[in-house]
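What follows is one structure encoded as C-alpha cells, with my remarks underneath.
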Amino acid sequence: MAAEVGDDVYGEDPTVNKLEAIAAEKTGMEASIFVSSGTQSNLLALMSHCQRGDEYIVGQGAHTYRYEGGGAAVLGSIQPQPLDFEEDGTLALEKVKGAIKPDDFHFAKTRLFCLENTQSGKILPLQYLSDAAKLARKHNLGFHLDGARVFNAAVGLKIDIGEISGFFDSVSVCLSKGLGAPIGSVLCGKKELIDTARRWRKVLGGGMRQAGILAAAGLYALENHVERLEEDHANADYLALGLSQIEEVSVASGCAQTNMVFFSVSDNHILPLTAFLENRRILIYPGSSIRLVTHLDISKEDITSVIDSIKAYFKSV
Ligand SMILES: *Cc1c(COP(=O)(O)O)cnc(C)c1O
C-alpha cells in the first residue's frame, strides 16, 4: 500500500518499472510487461507473435486454447491448431512437425508453437524443451511458454528459472498463482515483442495507471515466495500419500510432481463427498477427476484435516 506510484501508461510508475526489470532479469529476457492476468498475458503473446490468419500449435487441454474464451481467435483472428498432450504434459514433436502447414495459400501460416509448464502440475523435461526449441527454430516458428506456474517447475527441478525460459522467445508468468500475489502476470521476451505487446495491452484496455500498488505485491512475491514453493510441493506429496492410503480413493499416478494432486472416487460418491466436505468448510470442485492444489495459504495441518475428512466420509457411508 505504501508503494511509490506514477502513471504506468506513460511508463512513469517506478514500482511497475522495477517489477518489469526484475521479471526480465530473472527470466533472462530483454524486457517484460506487467499485465492484469495470465489470460491477458498469453493473449498479448499470441497477438504479438502472430498476425491475422496465422496459426499457433497448442495443446488440446492447454489453458491458452481451452480456458481463455477463445481470445486468440476472437480478438487476434489467430487460428489454433490443437494437439493432444502426451501423458507427461509434452506435445509429441513428431505430431507438432506434422501439424506445421506447408507454405501454400490453402493453409493458414503456422507461426507459433506454444507449450505449458507446468502442465497440470507436470514438469516438462529440459531435454524435451531443448528439442522443441530446435524444432521451432528449424521451422521458423515463434516459441511461447505459458509459464503460469513455471516457478513451480524451476523449484521442482532445483534450477534457475532462466534455464527454462532461455529456450523460449516469450514466457508468461503468473504472480497470482503459487507465488501468492493478489493480481497480475508478467509477459517476458525480446524488447521488440514486448513493445508490440504494450500496444496490444493498450488496445485491450489493459493499460493501468497507478498500478504500482499491484506491482509491489508482485515484487514481494518474486523476492519472498519462490524458494518456499518447495513447501507446497512437499505438502502435495504428503497429500497424495495420505489419499492413496484410502481404499475408495484413487490418486492419479505420477501427480504431485509440484503442487497439484488429482484423485477420483466412484461416480456415486462425488456429490455426497463434496457436500460432506463442504460441511467441514473444505471446498472441492466435484468432477470425475478432482484437482487439489497446495499453496502458501495451505498448511500441513490443513492437509491432515482434508485427509482425515475424506477418511471420515468413507467411514460414514
Ligand atoms: C491460471 C492460468 C492461466 C491464466 O491466468 P489468469 O490470471 O487466471 O488469467 C494461464 N495458464 C495456466 C497454465 C494457468 O494455470
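In listed order, ligands and their atoms are each counted from 1.
The residue from Asp169, Leu112, Ile100 that alone fulfils the side chain to side chain contact (heavy atoms under 4.5 Å, CB included) condition with Leu141 is Ile100.
Regarding atom 4 (C) of ligand 1, its nearest protein heavy-atom neighbour is His63 CE1, 3.3 Å. For atom 12 (C) of ligand 1, the nearest non-hydrogen atom of the protein is Ala148 CB, 3.3 Å. Residue, atom and distance of the protein heavy atom nearest to atom 6 (P) of ligand 1 are Gly38 N, 3.4 Å.
Below 3.5 Å of separation, one finds an N or O of Thr39 facing an N or O of ligand 1. Polar contact check, Asp146 against ligand 1: a nitrogen or oxygen pair lies under 3.5 Å apart.
Atom CD1 of Ile194 is separated from atom SG of Cys188 by 6.5 Å, given to the nearest 0.5 angstrom. To the nearest 0.5 Å, atoms CZ (Arg281) and OG (Ser305) are separated by 11.0 Å.
Close contacts between ligand 1 and Ser37 involve ligand atoms 7 (O), 9 (O) [criterion: under 4.0 Å to a heavy atom]. Residue Asn42 has at least one heavy-atom neighbour below 4.0 Å for each of these atoms of ligand 1: 10 (C). Taking every heavy atom of Cys174 and a limit of under 4.0 angstrom, the matching atoms of ligand 1 come to 5 (O).
Ligand 1 has at least one atom lying under 4.0 Å from a heavy atom of Glu68.
Comparing Lys177, Arg66, Arg149 by heavy-atom distance to atom 14 (C) of ligand 1, the nearest is Lys177.
For the side chain to side chain contact (heavy atoms under 4.5 Å, CB included) test, residues two or more places apart in sequence or in another chain that qualify with Glu30 are Lys190, Lys191.
No side-chain heavy atom of Gln51 sits less than 4.5 Å from a side-chain heavy atom of Arg111.
Heavy atoms only, all atoms of each residue included: Gly11 and Asn17 are closest at O-ND2, 3.0 Å.
Ring geometry for Phe143 against Phe168 counts as parallel: the plane angle stays under 30°, on a 0 to 90° scale with 60° as the upper cut.
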